[in-house]
Amino acid sequence: MGATSVDYKKTVNLPRTDFPMKANLPQMEPKMLARWEAENLYAKIRAARAGRPLYVLHDGPPYANGEIHLGTGFNKIIKDFVVKTKTMQGYDSPYVPGWDCHGLPIEAKVDSQLGSRKAHMTAVEIRAECRKYAAKYVDLQRRDFVRLGVFGRWQDPYLTMSPQYESIIAGAFVEFLDRGYIYKGLKSVNWCIHHRTALAEAEIEYENHTSPSIWVRFALASDAALIDPALAGRNVYGLIWTTTPWTIPANVAIAFHPKFEYVAAEVDGDVYIVALELLRTVGEKLGWSEPKVIAGFKGAKLEGAIFRHPFLDRDSLGVLAEHVTLEQGTGAVHTAPGHGAEDFEVGAKYGLPVYCPVDPAGKIFHAEGAAGRLPEELIGKTVWQANPIVNEILKSRGALLGEEKITHSYPHCWRCHNPTIFRATEQWFIGMDRNDLRTRTLKAIQAVKWMPSWGEERMSNMIATRPDWCISRQRIWGVPIIVFYCENCQEPFTDRNVLDRVVALFAKETADAWYAHSAADLMRPGVQCSRCGHKEFRKETDILDVWFDSGSSHLAVLTPENGLPWPANMYLEGGDQYRGWFHSSLLVGVGLKGEAPYRECATNGWTLDEQGRAMSKSQGIGIHPDQVIPKHGADVLRLWASSVDFSEDVRLSDTILARLSEAYRKFRNTFRWALGNLNDFDPMTDAVSPAEMSEIDLWILSRTETLVSDCLASYQEFGFHKVYRAVYDFATTELSAIYFDASKDRLYTAAPKSPLRRSAQTAVYRIAYSLVRLIAPLLAFTTEEVWGHLRKPEGSPDSVHLALFPQPDELTAGFTASQRSRLRNWDELIAVRDVVLKQLEVARQEKFIGAPLEARVRLKAGDKLYPLLDEYLNELPGLFIVSQVALERASGDELSVEIERAQGEKCERCWKYTTDVGADPDFPTICAACRDAVKDILGE
């Protein structure tokens with residue numbers, strides 16, 4: 001080929017790669033998932049890390065009732081970041097996902113589907129329908145989690161409804177019972193009248209609720225002079241305020257604070273006992289013009305006073321209680337032990353009857369236990385229907401002094417979101433102060449690393465103040481409480497040998513065995529009641545709290561059979577789990593194993609929609625991944641998850657996704673540019689040593705070394721957002737805006753095998769090979785795609801997810817101390833470049849030049865900067881991306897930059913202006929440097 005016939009465009013080393021510019025993630029990712037499944041990648045990862053130190057993130061089981069939303073997806077992605085991070089740090093980090101399959105939400109859904117058919121079905125048949133319903137959503141949720149690129153033992157997850165798991169739950173109950181933690185007792189507990197079951201603290205959510213608030217007077221029946229002589233012979237009343245009129249029929253006492261100051265205030269001839277601090281407020285509410293204080297005394301004086309119920313033939317005892325406050329009301333608290341936790345405690349102290357005239361459906365009935373027959377107009381009414389009726393009765397008796405509506409925070413059922421009530425029933429409890437469980441749990445909390453650190457105080461406060469754990473529920477779908485009762489004397493039968501046989505049977509037949517077999521079949525022959533000798537028994541009908549189920553997960557999963565150690569390294573869930581899974585797991589762990597089941601406990605924030613609402617399955621608020629992935633792909637969702645501090649609340653919207661899509665394109669284009677410029681580079685044969693490399697290449701490798709070091713430190717503290725930000729800034733600034741721009745001329749126009757080009761390629765390769773591994777936990781699909789297009793060292797694994805993180809010294813291997821010291825010069829040179837680029841932009845805006853290569857930059861530098869610029873004068877045109885740079889010495893330290901038109905002619909091949917274009921008549925339109933490159937290409 002003659003020189004004059006050369007097509008110079010074909011001699012330029014333009015980037016070439018099969019790695020596509022357009023990601024097409026929605027189409028590419030499912031194919032990659034299919035490949036990973038076919039190759040059994042998760043098993044390969046486990047095999048590759050076999051024998052290495054273990055790091056176990058124990059999965060908190062999502063509830064198997066409905067499809068996931070992006071709040072659930074966010075949590076799973078963050079967990080995947082942790083597992084992939086630990087795997088690439090060299091740990092054996094297995095991930096066993098699980099599902100919470102029992103409980104009220106599933107049973108309620110099945111109830112609604114079965115309708116009237118349920119009445120004709122056995123418990124086993126109903127449980128089979130619940131099991132089928134849960135299995136359906138396990139499959140759907142598993143599909144969606146896998147689609148997000150989350151690795152794990154998906155084909156063999158743990159399910160709380162599996163025979164093995166149900167057996168372990170029952171076994172944990174038996175162990176708690178055997179060690180004396182568990183008792184059955186009558187207590188006032190949170191109760192959902194919609195689902196007719198007790199609720200634990202973790203199953204309560206507080207929502208705004210409008211209630212009727214009333215002021216009611218109770219006539220003093222005992223000697224008023226015993227309270228204060230000034231009250232002798234007066235009509236004295238205790239005055240209470242309540243937002244639950246329906247509980248007035250259950251009143252048996254009025255509580256006062258022993259240390260508060262109370263006054264007896266005369267109004268229209270009657271005297272009312274009110275807390276001094278609240279007198280003014282009460283007077284304003286009730287329209288008292290000028291209440292006259294006739295006596296003052298401490299609350300302690302009111303202990304033992306006898307008041308009369310306003311419409312029942314019943315006394316109401318004056319009692320003392322610390323829970324009385326001055327925040328609102330009158331300083332006197334209406335007390336019904338059957339309908340309040342604090343009321344119950346006070347009632348127990350004073351031996352008051354636990355009177356509860358409300359049935360499981362929330363309807364009032366004639367109950368035994370307290371004097372006075374309830375008005376017939378209340379019987380059969382729900383508590384909410386009873387409120388106005390009670391008010392009317394009080395009004396007719398002259399006992400209702402005032403009423404108004406109040407909107408306040410009120411407990412609601414976490415599943416049906418209906419307001420709950422307190423209702424005294426016999427339930428099974430784990431005693432928080434039995435075997436020092438509370439004290440030992442508070443100590444165990446101190447041994448856990450909490451992320452964020454405020455988690456320690458939050459959990460400690462919850463444990464310190466929580467009541468005994470109510471673990472019984474009045475439902476069918478769950479693990480039954482395996483206790484028998486003597487049919488004759490009702491004594492509970494809890495012989496360990498018998499209960500252990502039932503536990504073993506559950507492992508074979510599931511907990512359905514409790515319902516499929518009679519008590520006689522479940523108990524060994526000849527068993528008799530230790531109290532009365534009777535031989536016939538019945539089974540307990542309650543099931544265990546689902547939080548006991550999930551709180552036992554560490555017992556079921558962190559086992560030698562699963563190859564997983566106890567305790568787990570980490571639990572990671574949303575902030576609501578401080579009263580949920582974190583909480584119940586902690587109590588089960590301390591109760592049965594003496595310590596917390598986790599060494600680290602991390603919290604992710606809420607995922608908020610565009611309106612700022614937290615995504616919630618039970619409230620129907622959420623974005624399904626299918627609303628995002630078909631348009632953007634899972635990797636964009638993963639990038640979003642990595643871009644935020646996961647411990648804080650995070651938002652997701654179309655605007656945010658659009659911004660993250662742009663960020664994703666920056667990462668993708670960075671890899672594409674690198675791959676394109678490495679198309680003819682084999683790292684095994686073409687790489688050059690640092691001694692042969694240009695200093696700018698050494699400088700960018702040094703910067704990458706710092707990046708890798710910083711990112712590895714961020715990964716160590718699970719600061720995924722810091723990794724994202726560091727790599728994004730590096731890609732956009734050091735790489736794209738500086739190094740890639742400054743290296744294009746060498747890479748595109750130098751001879752393919754020239755030392756200058758091989759130097760740049762060596763640097764680009766080291767960078768790409770490091771970056772693809774550095775962000776593999778975050779961009780699971782894209783990095784695998786890059787890995788498939790990147791030439792790798794011999795012996796490299798087939799998947800990037802089998803590789804280890806890059807180490808900082810990989811980037812600078814072979815650097816000498818002298819080379820490292822000279823790299824500091826480049827920080828100054830880059831600063832000069834910034835000044836020059838600003839002036840070039842001014843010249844372009846003024847249309848003095850078009851492209852930067854039309855420019856000649858004249859630098860005038862003082863003694864401080866001149867020597868450096870003079871030393872690197874030949875490097876400066878490439879660094880500034882101009883054709884020429886002239887340097888002059890100037891007085892002072894100021895740097896002067898002038899933009900001139902470049903001298904000479906424009907080279908047809910490299911587009912730079914030089915004075916030697918056409919110097920070789922055989923190559924009349926190109927510069928000398930391009931002539932040499934072309935001759936090398938042509939083999940001349």
Side-chain angles (χ1 to χ4, degrees), residues 65 103-112 114-115 118-119 126 186-213 242-251 334 336-344 354-370 374-375 377-391 406-429 467 470-478 541-543 545-547 618-619:
N65 71 320
L104 183 58
I106 290 173
E107 188 173 347
K109 286 286 187 182
V110 170
D111 281 356
S112 65
L114 292 177
K118 182 183 177 183
I126 294 169
L186 178 66
K187 276 196 175 186
S188 191
V189 296
N190 276 300
W191 186 274
C192 175
I193 64 175
H194 181 74
H195 291 301
R196 304 187 184 192
T197 186
L199 299 173
E201 290 295 312
E203 297 169 316
I204 295 297
E205 293 180 347
Y206 284 84
E207 302 174 15
N208 282 340
H209 179 69
T210 300
S211 299
S213 68
T242 183
T243 58
T244 54
W246 62 267
T247 62
I248 293 291
N251 174 279
H334 143 60
H339 295 294
E342 291 165 328
D343 299 33
F344 181 88
V354 182
Y355 179 58
C356 180
V358 177
D359 71 12
K363 294 182 178 181
I364 295 176
F365 70 104
H366 288 300
E368 301 293 330
L374 300 184
E377 57 260 50
L378 288 172
I379 304 305
K381 300 296 190 296
T382 68
V383 294
W384 315 121
Q385 293 169 335
N387 279 330
I389 299 173
V390 169
N391 290 352
I406 181 174
T407 300
H408 59 145
S409 181
Y410 189 87
H412 286 66
C413 174
W414 69 318
R415 289 302 180 186
C416 67
H417 297 283
N418 288 307
T420 62
I421 65 171
F422 270 95
R423 180 171 177 267
T425 59
E426 274 203 322
Q427 302 289 340
W428 289 92
F429 296 90
C470 177
I471 58 170
S472 49
R473 297 293 179 273
Q474 291 65 52
R475 306 299 299 185
I476 291 176
W477 179 229
T541 57
D542 288 353
I543 63 170
D545 175 14
V546 290
W547 290 110
S618 63
Q619 296 191 33

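These numbers were taken from a predicted model, which means no experiment stands behind them.
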Inset, instruction - Answer yes or no: is there a side-chain heavy-atom contact under 4.5 Å between Val358 and Trp191? - result: no
Inset, instruction - Would you mind checking if Glu107 and Arg473 are paired as a salt bridge, meaning a charged N to carboxylate O distance below 4.0 Å? - result: no
Inset, instruction - Taking the side chain as every heavy atom from C-beta outward, state whether Trp477 and Val546 have any pair of such atoms under 4.5 Å apart. - result: no
Inset, instruction - With the side chain counted from C-beta on, respond yes when Pro360 and Gln474 share a heavy-atom pair under 4.5 Å apart, and no when they do not. - result: no
Legend entry - Criterion side-chain hydrogen bond (donor to acceptor under 3.5 Å, both in side chains) against His417, the qualifying member of His412, His194, Glu207: Glu207
Inset, instruction - Measure the spacing between CG of Leu199 and CD1 of Ile204 and express it to the nearest 0.5 Å. - result: 4.5 Å
Legend entry - Side-chain donor/acceptor of Trp246 to backbone N/O of Val390, under 3.5 Å: no
Legend entry - Closest heavy-atom pair and its distance - Ser472, Asp542: CB-OD2, 3.7 Å
Legend entry - Nearest heavy-atom neighbours spanning Asn65 and Pro105: ND2-CB, 3.5 Å
Inset, instruction - Look at the side chain of Glu203 and the backbone N and O of Cys413, then say whether any donor-acceptor pair between them is shorter than 3.5 Å. - result: no
Legend entry - Side chain proximity check, Asp343 to Ser188, heavy atoms < 4.5 angstrom: no
Legend entry - Straight-line distance of Arg423 CZ to Cys192 SG, nearest 0.5 Å: 12.0 Å
Legend entry - Straight-line distance of Cys356 SG to Leu186 CG, nearest 0.5 Å: 8.5 Å
Legend entry - Short side-chain donor-acceptor distance under 3.5 Å, Ser213 and Thr243: no
Inset, instruction - Take atom NZ of Lys109 as the centre, draw a 6.0 Å sphere, and report whether it contains more than 12 heavy atoms from other residues, nucleotides or ligands. - result: no
Inset, instruction - Any chance you could measure Ile379, atom CD1, to Leu374, atom CG, to the nearest 0.5 Å? - result: 5.0 Å
Inset, instruction - Answer yes or no: is there a side-chain heavy-atom contact under 4.5 Å between Tyr206 and Pro411? - result: yes
Inset, instruction - Compare every heavy atom of Gly338 with every heavy atom of Val354, then report the nearest pair and how far apart it is. - result: CG1-CA, 4.0 Å
Inset, instruction - Classify the side-chain pair His339/Thr244 by whether it contains a donor and acceptor separated by less than 3.5 Å. - result: no
Legend entry - Thr382 side chain to Gln385 backbone, donor-acceptor under 3.5 Å: yes
Inset, instruction - Please check if atom NZ in Lys363 has more than 12 non-hydrogen atoms from other residues, nucleotides or ligands closer than 6.0 Å. - result: no
Legend entry - ring pair (Phe, Tyr, Trp, His ring centres under 6.0 Å) partners of His408, counting only residues at least two apart: Tyr410
Inset, instruction - Compare every heavy atom of Gly340 with every heavy atom of Phe422, then report the nearest pair and how far apart it is. - result: CB-N, 3.6 Å
Inset, instruction - Working to the nearest 0.5 Å, report the span between CG of Asn190 and OG1 of Thr197. - result: 11.0 Å
Inset, instruction - Starting from the C-alpha separation in whole Å, work towards a yes-or-no answer on side chain to side chain contact (heavy atoms under 4.5 Å, CB included) for Asn418 and Ile193. - result: CA-CA 9 Å; Asn418 288 307; Ile193 64 175; over 6 Å; no
Legend entry - Check: His195 main-chain N/O paired with Arg475 side-chain donor or acceptor under 3.5 Å: yes
Legend entry - Value rounded to 0.5 Å, distance of CG in Asn387 from CG in Leu378: 10.0 Å
